[in-house]
Asks: 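Sharing a structure here in structure tokens format.
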Amino acid sequence: MLPCCAVRTCHVLVLVLCLSAAEDFDWTKNDRGSFYYGTFPAGFSWGAGSSAYQTEGAWDQDGKGLSIWDVFSHRKGKILQNDTGDSSCQGYYKIKEDISLMKELKLDHYRFSISWPRIMPTGIKSDHVNEKGIKYYDELIDNLLENKITPIATLYHWDLPQVLQEKYGGWQNISMVNYFNEFANLCFERFGNRVKYWITLNNPWSVAVEGYETGEHAPGLKLRGTGAYRAAHHMIKAHAKVWHTYDTKWRGQQKGLVGISLSGDWGEPVDISNQKDIEAAERYVQFYIGWFATPIFHGDYPQVMKDFIGRKSAQQGLGTSRLPTFSSQEKSYVKGTCDFLGIGHFTTRYITQKNYQSGHGSSSYFTDRDLAELVDPRWPDPGSEWLYSVPWGFRRLLNFVKAQYRNPMIYVTENGVSEKITCTELCDDWRIQYYKDYTNEMLKAIKDGVNVRGYTAWSLLDKFEWDEGYSERFGLYYVDFRNKNKPRYPKASVQYYKRIISSNGFPNQREVENWKRKATETCSSSNQLLAAGKFTLKHPL
Ligand code: NOJ
């Protein structure tokens, strides 16, 4: 891996592609190196995102209850350097400042999440509703709207009330379906006159696999081979119930949309002429995004998951599959519960077939898939160790979604790249490159006919990056976490993203090349000042 902040040059072949929306995407002929000059459809929505636990801080203020992340991060050894989200970016106290950052970017929308225990401290409505918590989100939403920024609200970005974990085992327990529905219903009641885009769950894959299978995330359970499937099953049902609640009780008057945000890497066969690799790569994607999207769009789990997990469960001598089943009533209840699909996407893997023997007790989500993941060492990886920049994978994933789920309305809810903590670099040219190339692949996907309506850069600010603490920075804005006021400083990518937004795409080669030059002009002096602790903004935030 290159050292942090090293200048990365990615030699992009500048070709103008002639793409036709009428033709089907051809997986074998997709030119990976070309750049497409053109603009996005009128009305395309540009945004940036955050989540409650990662940015708000104020973990024990104004009547907020504990979430599983408060408890998990306070346990020694769970988070890198024992960091916590206790104060994080202090976003709870900085609504106006953060909105001024969004205005600087000229964002059309802002994606944030509502902390369940902030407005229902135990997670249970009949126990207590915390009006101070409601007031915070009221203010945030009102300020966004006053500034013509559309709020996109996520109901669950991983911060389950701790009481629900302790009393019931969290997402292992079917009772979460009703508790989550009550919480969602309260949000629709109190905020739905102003919020028109709702995301039920953020990245349930991570909750299931990292929360209940590997234990790297809260609640930290290691229920290998069963925990993730159970958690996912209950989350899918919870999502469906919330969609139905909105559909029957609120849609008529509020006229909003309810979707889910699914994360997924793209999986590319190592050897595109090898049928086993092709099938393994398809399995990788089906076990990722298909695990959730297939029930929601088609009513049941992907056939390949049912086959593989079922066969392996039988080989272990189990009477039933470790993958739970939906009754026929449940299938029709779950099917079609998505007004738009949120896609979170960061990276790609090469995939090859690899058999795992299923012995007693050795089962896991990972071995169920019978595959191995590989990366190309030439792929840039500036920050998180899992995050390699592979822009062409994004176009492929978007085309996969179009083909598999009958071209749903898509909002990209997360896409971005990190850098290491030691990097106090405001001249983030690798992030500029990442955003440029990934949004360009998204543009090509739209030309392929994929129905993408909006894009959310992840993330607005540097923030608490879960088990990695503050060691990985995803922000367009740098946050100085050593200073208790948590000041924000624009990275060069702010200037660049702003230009993509104001041009609604990439008008022509000359202009686009100028953007980078202009974006990096100011950052080197700001950098030196920041390093020397003397950075002051013209208009302090
Ligand atoms: C997906 C998660 O939803 C988000 O919270 C996190 O910051 C990004 N992945 C990057 O790891």
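Keep in mind that what you see is a predicted model, and the values were worked out from it rather than measured. Just follow the structure's listing: the first ligand is 1, and inside any ligand the first atom is 1.
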Asks: Give me the ring orientation class for Y92 and Y136: parallel if the planes are under 30° apart, tilted from 30 to 60°, perpendicular past 60°.
Replies: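 Tilted, since the angle between the ring planes falls between 30° and 60°.
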Asks: Could you list which atoms of ligand 1 come closer than 4.0 Å to a heavy atom of N202?
Replies: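 Ligand 1 atoms under the 4.0 Å threshold to N202: 3 (O).
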Asks: Parallel under 30°, tilted from 30 to 60°, perpendicular over 60°: which one fits the rings of W392 and Y350?
Replies: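 W392 and Y350: tilted rings.
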Asks: Mind telling me whether W116 and Y156 have parallel, tilted or perpendicular rings, with 30° and 60° as the class edges?
Replies: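 If you compare the ring of Y156 with that of W116, the planes turn out perpendicular.
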Asks: Using a 4.0 Å heavy-atom cut-off, say whether E472 meets ligand 1 through its side chain, its backbone, both or neither.
Replies: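 No part of E472 comes within reach of ligand 1.
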Asks: Provide the number and element of each atom of ligand 1 under 4.0 Å from a heavy atom of W458.
Replies: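 That gives atoms 4 (C), 5 (O), 6 (C), 7 (O), 8 (C) of ligand 1.
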Asks: Is H157 near ligand 1, meaning one of its heavy atoms is under 4.0 Å from it?
Replies: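 Yes; H157 lies near enough to ligand 1 that a heavy-atom distance drops under 4.0 Å.
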Asks: Counting non-hydrogen protein atoms only, what is the nearest one to atom 10 (C) of ligand 1? Give residue, atom name and distance.
Replies: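 Its nearest protein heavy-atom neighbour is E465 OE2, 3.2 Å.
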Asks: Any heavy atom of F464 closer to ligand 1 than 4.0 angstrom?
Replies: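 In this structure, F464 fails to qualify as a contact of ligand 1 - no heavy atom is under 4.0 Å.
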Asks: Taking D462 as the fixed residue, which of K491, R431, R488, K486 is the one that meets the salt bridge (Lys or Arg N to Asp or Glu O under 4.0 Å) rule?
Replies: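 For D462, the salt bridge (Lys or Arg N to Asp or Glu O under 4.0 Å) test succeeds with only one of K491, R431, R488, K486, which is K491.
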Asks: Considering only heavy atoms of W158, which atoms of ligand 1 have at least one such atom less than 4.0 Å away?
Replies: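 So the answer, numbered in order with elements, is 2 (C), 3 (O).
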Asks: Tell me whether ligand 1 is touched by K463 - counting only heavy atoms on the residue side and a distance under 4.0 Å.
Replies: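 True for this residue.
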Asks: Would N202 and R111 count as a side chain to side chain contact (heavy atoms under 4.5 Å, CB included) here? Give the steps.
Replies: CA-CA 11 Å; N202 174 71; R111 177 183 176 220; 2.8 Å; yes
Asks: Output yes when the distance from some N or O of ligand 1 to some N or O of W466 is under 3.5 Å, and no in every other case.
Replies: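 So ligand 1 has an N or O lying under 3.5 Å from an N or O of W466.
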Asks: Considering heavy atoms of the protein only, find what lies nearest to atom 9 (N) of ligand 1 and give residue, atom and distance to 0.1 Å.
Replies: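 Result for atom 9 (N) of ligand 1: E414 OE1, 3.5 Å.
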Asks: Angle class for the W466/H217 ring planes (parallel below 30°, perpendicular above 60°, tilted otherwise)?
Replies: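 Ring orientation, 0 to 90° scale: tilted.
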Asks: Using only atom types and a distance under 3.5 Å, with no angle test, would you say the side chain of H74 pairs donor to acceptor with the backbone of D70?
Replies: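 Yes, H74 side chain to D70 backbone: donor-acceptor pair under 3.5 Å.
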